[in-house]
Amino acid sequence: MSTAPAGLPFLKGHGTENDFVILPDPDGALAPTPAAVARLCDRRAGVGGDGLLRVVRSDALPEGRALADEATWFMDYRNADGSVAEMCGNGVRVFARFLWHAGLTDDPVVAVGTRAGVRWARREADGGVTVGMGRAGLPSGREATATVTVGERHWPALHVDMGNPHAVAFVEDLAHAGPLLDAPGVAPAAAYPHGTNVEFVVDRGPAHVALRVHERGSGETRSCGTGACAVMVAAARRDGRDPVADGRDATYTVDVPGGRLVITERADGEVEMTGPAVIVAEGSLDPSWLDPAELRATALG
C-alpha cells in the first residue's frame with residue numbers, strides 16, 4: 001500500500017482577529033515566493049490570513065544573523081499579497097505564542113528578531129501577551145505630516161514610524177474611511193516611498209480611542225498592532241502628553257474592530273502593547289495543492 005507524501009506543517013493564529021498563517025521553518029529550508037504567500041493567505045482558496053509568519057532561527061537567515069546573539073528566533077513576516085514587511089505587532093504576539101505552544105522555549109519573556117530589530121514578548125498571567133515595540137519615530141519638518149484622502153474627504157495625518165510607516169488621521173466618524181478595499185490616497189507620496197499603513201481614529205473617552213486601518217499590502221484588517229501603537233503616540237501628542245518630556249508613563253486603550261489593545265508609552269520612550277494571542281488550528285498543507293517548488297529553497301545565502 002502506497003503512502004501519500006507528507007504535507008508541509010502549518011498553524012493558524014490571530015491577535016485581536018489580525019490573523020496569520022504560521023510556517024515553522026527552523027532551519028530556513030523554505031523560500032516562499034510572493035505568489036505562494038498570496039495563495040496561502042487567500043481566504044477562499046487557501047488557508048486565509050492577513051499575513052504569513054515564517055518561524056526561522058535567526059542564524060539561518062542573512063537578515064537575522066546580526067540579531068542571533070540577542071534573539072534565537074526570527075519572524076519573517078510577509079503581507080497577504082506576498083510583499084515583505086519590516087514589522088507586525090500583533091504578529092510578534094502570535095509568533096511568541098507559537099514558540100510557547102510548540103515548546104521551543106519555556107521562558108516567560110522571549111526575544112524575537114524582526115526586520116525592524118529585536119522585539120521582546122512577555123507572557124501575562126491572564127493569557128495575554130505584552131510586546132516591547134521599541135520607540136516611536138516622529139519625523140520633523142515637512143515629513144511630519146501628510147494628507148489622507150477618501151473620496152471627497154481629506155484629513156491631516158501625522159507620520160509615526162513604529163519600525164514600519166503609519167499615517168494617523170483623526171476623523172469625525174470611522175464610517176468616513178469608506179470600505180477601505182483600496183489604499184486611501186496619501187500625499188505627498190514622497191513622504192512614504194514604500195507605501196504606508198493608514199489609521200483612521202475617533203475618540204471614545206479619556207485616553208480611549210478606536211481605529212480602522214488599511215494595512216499596506218493587506219487591505220483593511222481587523223487589527224494592526226504597530227498601527228495601534230502609532231495611534232496611541234499620535235493621540236498622546238495631540239492631547240499634550242509626551243512621556244519622555246513629562247517623565248510620566250502614558251497609557252491608552254485602543255479599540256480595533258477585532259478587540260481591544262492596551263498601549264503604554266514609557267517615560268524612557270519605549271512603547272509596550274498588551275493584547276490576546278491565540279493559536280486556533282494546526283495541520284499540514286496538501287502537497288498536491290501547493291507546488292513545493294513555490295516554497296522550497298535549494299540554497300540560502
Side-chain angles (χ1 to χ4, degrees), residues 10-25 30-56 61 63-64 74-96 98 112-117 119 131 133 148 159-168 177 179-186 189 192-200 211-231 256-258 273 277 285 290 294-295 297:
F10 79 94
L11 297 89
K12 178 75 180 284
H14 78 91
T16 48
E17 298 182 9
N18 192 191
D19 59 341
F20 310 98
V21 180
I22 304 165
L23 283 185
D25 182 26
L30 306 179
T33 64
V37 173
R39 287 188 67 192
L40 286 166
C41 292
D42 189 300
R43 295 193 179 281
R44 292 179 175 84
V47 177
D50 294 321
L52 180 140
L53 306 176
R54 185 164 66 116
V55 184
V56 194
L61 281 180
E63 58 264 62
F74 187 90
M75 182 181 77
D76 176 19
Y77 181 65
R78 314 296 178 95
N79 296 310
D81 66 354
S83 59
V84 174
E86 304 91 341
M87 241 294 284
C88 176
N90 289 324
V92 172
R93 293 204 319 279
V94 174
F95 188 96
F98 167 77
V112 177
T114 78
R115 291 183 175 84
R119 300 291 186 263
V131 173
M133 298 289 289
V148 169
H159 180 179
V160 183
D161 194 294
M162 289 301 308
N164 57 355
H166 297 269
V168 180
L180 291 182
L181 297 175
D182 299 314
V186 180
Y192 299 99
H194 304 294
T196 185
N197 303 287
V198 181
E199 286 78 28
F200 299 86
L211 68 82
R212 288 178 63 197
V213 58
H214 183 281
E215 285 200 62
R216 176 186 57 172
S218 296
E220 182 171 16
T221 60
R222 299 284 292 170
S223 180
C224 175
T226 54
C229 293
V231 164
V256 297
M273 171 183 62
L285 298 170
L290 189 64
E294 294 184 80
L295 282 170

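Computed from a prediction, not measured in an experiment: that's the story for all the values here.
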Worksheet, complete the sentence: Given the options L53, L40, V55, L23 meets side-chain contact (heavy atoms from CB on, under 4.5 Å) only with L40
Worksheet entry | Full working for side-chain contact (heavy atoms from CB on, under 4.5 Å) between R115 and F74 | CA-CA 9 Å; R115 291 183 175 84; F74 187 90; 3.9 Å; yes
Item to complete: Taking the side chain as every heavy atom from C-beta outward, state whether C88 and F95 have any atom pair closer than 4.5 Å.
Response: no
Discussion item. So if I apply the salt bridge (Lys or Arg N to Asp or Glu O under 4.0 Å) rule between D50 and each of R216, R222, R43, which one comes out positive?
Written reply: R43
Fill in: Reported CZ-to-OG1 distance for the pair R39 and T33, which is rounded to 0.5 angstrom
9.0 Å
Fill in: Polar side-chain atom of S223 near backbone of E17 as donor-acceptor pair, under 3.5 Å
no
Item to complete: Show your reasoning for whether side-chain contact (heavy atoms from CB on, under 4.5 Å) applies to M162 and M87.
Response: CA-CA 8 Å; M162 289 301 308; M87 241 294 284; over 6 Å; no
Fill in: Euclidean distance, H194 NE2 relative to E86 CD, rounded to 0.5 Å
8.0 Å
Practice prompt. Would you tell me whether D161 and H159 have side-chain atoms, one donor and one acceptor, within less than 3.5 Å of each other?
Written response: no
Fill in: Pairwise distance CG(N164) to OG1(T114) - rounded to 0.5 angstrom
9.0 Å
Item to complete: Please work out whether the ring planes of F20 and Y77 are parallel, tilted or perpendicular, with thresholds of 30° and 60°.
Response: perpendicular
Worksheet, complete the sentence: The single option from V21, D81, L52 that satisfies side-chain contact (heavy atoms from CB on, under 4.5 Å) with V37 is L52
Item to complete: Go through H166 and V231 one step at a time and tell me if the side-chain contact (heavy atoms from CB on, under 4.5 Å) criterion holds.
Response: CA-CA 9 Å; H166 297 269; V231 164; over 6 Å; no
Fill in: Test side-chain hydrogen bond (donor to acceptor under 3.5 Å, both in side chains) applied to T221 - qualifying residues, sequence neighbours left out
E215
Worksheet item: Hey, what do you get for OG (S218) to CG (D19), rounding to the nearest 0.5 Å?
Response: 9.5 Å
Discussion item. Is it the case that atom CG in D42 sees more than 12 heavy atoms from other parts of the structure closer than 6.0 Å?
Written reply: yes
Discussion item. For a 4.5 angstrom cut-off between non-hydrogen side-chain atoms, does T16 reach R93?
Written reply: yes
Practice prompt. Measure across G225 and M273 and return the closest heavy-atom pair with its distance rounded to 0.1 Å.
Written response: CA-SD, 3.5 Å
Worksheet entry | For the student: nearest non-hydrogen atoms of G163 and A116, plus distance | CA-CB, 3.8 Å
Worksheet item: Does any N or O in the side chain of K12 come within less than 3.5 Å of the main-chain N or O of G49, such that one atom is a donor and the other an acceptor?
Response: no
Worksheet item: Which atoms form the tightest heavy-atom contact between L11 and P24, and what is the distance?
Response: CD1-CG, 3.8 Å
Worksheet, complete the sentence: Interatomic distance, CZ@R54 vs CG@D25, rounded to 0.5 Å, equals 5.0 Å
